Amino acid sequence: MKNAMKLLLAGAALAALLAPANADDKPKAEVMTSWTSGGEAAALNIIRSEFEKRGGEWEDSSIAGFGAADAAFQNRIVAGDPPTAKQVVIGLDPAEFIKQGLMNPIDDVAAAGKWADVLPKTIYDFISHDGKVFLSPTGAHGESWMFYSKEAFEKAGIASEPKSWDEFFAAMDKLKAAGILPIAWGGQAWQETKVFNMILLSQAGIDGFLKIYVDKDTSPASMEAIKKTLTILGRMRAYVDEGAPGRNWNDATAMVITAKAGVQFMGDWAKGEFTVAGKVPGKDYGCMILPESEGMVFIADSFDYPKTGDASQDKAQKLLAEVVMDPEVQVAFSIKKGSIPMRTDVDKSQLDACSQKGLELMSAGKIVPDQAIILTPQQAGALADYVDAFWSNPSANVDEEVAKFPSIFQ
Amino acid sequence: MSRSYKRSFAVTTALLPTWIAVIVIYVGTMLWSIRLSFTDSTLFPSSNYVGLSQYAKLFATPKWWAALQNVAIFGVLYVLGCLVVGFLLAAALDRKIRFESVFRTIFLYPYAMSFVVTGLIWQWMMNPTFGIQASVRAFGWQDFSFDWVVNPNLAIYAVVIAGIWQGAGLVMVIALAGMRGIETEQWRAAQIDGVPACRIYLSIILPQLGPALAAAGMLLALGVIKTYDLIVAMTNGGPGYATEVPAKFIMDSLFQRQNLGLATAGATVLVLTVIAVVAPFRYAVHMRARRREGA
């Protein structure tokens, strides 16, 4: 009885001590993301719990669907009521907001954390605008992966990963002959565009790829690469099924998981689906960078920090930026999300085989950015239209289509 | 005099909020949008006027042309299809069949469903790998093919089917109400003359249903212009541009492509199209009403 009383008193005293601190000092952050699927939410939770451990208060405003979250964010910015932090893809997407002076720089956090030394230079350049750091990167996704079912490859008698496109199509023929659907195709414009970019990287090389997208180069060499890319892409039409149009990427992944289909071209987030199904990389399924590719296409997530005019939120923004770039958070987050940590100085051993491959390419600088990073949203949309129209028109003339390519950048 | 003035003052005051709402919210935002279509606005409105260049860009975009063409095909077939199917359903129910109210509920039920749900249902049914085609093939008819929704040349017609399924019930209810309003004497007279039932419907009933069907057609036509959710749920504009519609083009430009100028230009074109279609119609109705008054 006496003990219980003591405990109660002690508890009350403790509560009294903590209460005022609760009221004024806790930096409060309303965080807006589109990370709502199982793996994504678990990854976000890593950041959240560390943020709360360091004394922050977290309010989740996640909205399913990248486009929906963006639209909601846009509306709130225009209405003058932005959230404390918003998940964005690094590159030109958030650039417009920054140019309009709507975002808080996080220069001091970046300087204190020596971000310039621990991030690959390409990434550091993309998160800075006019010499100031505005974004805190969470992780990168390798996008030019080909996932394949080991079971399907075995059945079809394919001994090794194809090293060239000729070998690739020979393997696809073998799968077809064995009665297995060769390519699990997700017939949505964004997925098709990713495949286009993967092939383009394999045909143009890293320099050629950047020349086309960054310099908007239309020299004969660049156009030749586009032509080769479209030719390879066009050949793939013969290896997909009629259920492909409109198929979601995860439905396509399920076809590879169940060995109904041989391969899928997708970003490394597809690994999450394999993991949920209990499949192990290297044993049940393989991941390889596309044939003839010297590097990898990447896309990277980050947080940006709108100006809210509220000191408590400003504090929360700095704390969140710090948490996101914490080496341990970066690794734990990436394991859950299937991504690659942005920092190059983290402990690699916990990452799976695919992520390690990706991190190696990243550290070696053998990466090119996704179109969302280097093209304006309008241009990226035009590119998706272009690829989608080509793919869904089997009678399209490759030479005519090549001639149309430069119009994307207008 | 002063009393009627007072009354009209009270009425005006009561209506004022509505008028302000109409002018500011509807007309005001419309003018604002039209203004933006002459600027180079991207994510945020800008006041840098660029003349008609957004319109030039818009009409140089193959996807926009495809969208206009698709909405025209969809609009004509959807409205006509709903009217025909709805009228036939109403005629069938009008025959004093058993369980009429059950059938009426069943046929009207799709209309209570949102376009998103309609789109998803038909997307699944028409998907060649697990929908109708796969089922019929599983029953043994191996050559059966129903792949409209994934065929770029036929996908828009697949959307039309889904649309008619959803909208025909509304026409049925309106037509049925109209039919019930027709005196039974007309029926008896025609039957005495030995006119077959289908002829009665075509020559006697249908002409009298004109206003009811026109109203139903108008309701459906208004839905055509803003067709967005059905497309997004069913095909998302694909395969390729096969089912792209203007409303989706505008929404994509606005939110995904951060291109306010192009989006508002598209919206303006859409408004002008509606006015071009509706204005002569309204004018004809107005003239007819005046002629009737005069007569």
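This one's a predicted model, so the numbers in the text were calculated from it and none came from an experiment. Values below: every heavy atom of this structure, side chains too, minus hydrogens, waters and symmetry copies.
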Heavy-atom distances under 4.5 Å only: say whether [X] touches chain B with side chain, backbone, both or neither.
X	answer
A:Leu102	side chain
A:Tyr386	backbone
A:Ala382	backbone
A:Gln100	side chain

Does a side-chain heavy-atom distance below 4.5 Å link [X] with [Y]?
X	Y	result
B:Tyr241	A:Asn393	no
B:Gln258	A:Thr376	no
A:Asp70	B:Phe255	no

(request) Name, in order of residue number, those residues of residues 185-199 of chain A that have a heavy atom at a distance of less than 4.5 Å from a heavy atom in chain B; otherwise write 'none'. (result) none
(request) Nearest 0.5 Å please: distance from the OG1 atom of B:Thr129 over to the NZ atom of A:Lys260. (result) 10.0 Å
(message) Nearest 0.5 angstrom please: B:Trp64 CH2 to A:Asp385 CG, how far?
(response) 13.5 Å
Around atom [atom1] of [X], are there more than 12 heavy atoms of other residues, nucleotides or ligands at under 6.0 Å?
X	atom1	answer
B:Phe139	CZ	no
A:Phe409	CZ	yes
B:Tyr55	OH	yes
A:Lys216	NZ	yes
B:Tyr109	OH	no

(message) Between A:Ala380, A:Pro245, A:Ala68, A:Ala389, who has the most heavy-atom pairs with chain B when the cutoff is under 4.5 Å?
(response) A:Pro245
(message) Give me the atom names and distance for the closest heavy-atom approach of B:Asn127 to A:Gly243.
(response) OD1-CA, 4.2 Å
(request) Spell out, as yes or no, whether a donor-acceptor pair under 3.5 Å connects the side chain of A:Ser392 to the backbone of B:Gly240. (result) yes
Proximal component of [X], with respect to chain A [non-hydrogen, under 4.5 Å]:
X	result
B:Pro152	side chain
B:Leu262	side chain
B:Thr42	side chain
B:Glu244	neither
B:Asn236	neither

(request) Run the salt-bridge test on A:Asp388 and B:Lys63 with the 4.0 Å N-O cut-off and return the result as yes or no. (result) no
(message) Checking side chain to side chain contact (heavy atoms under 4.5 Å, CB included) between A:Gln378 and each of B:Gln256, B:Lys57, B:Arg257, which is the one that passes?
(response) B:Arg257
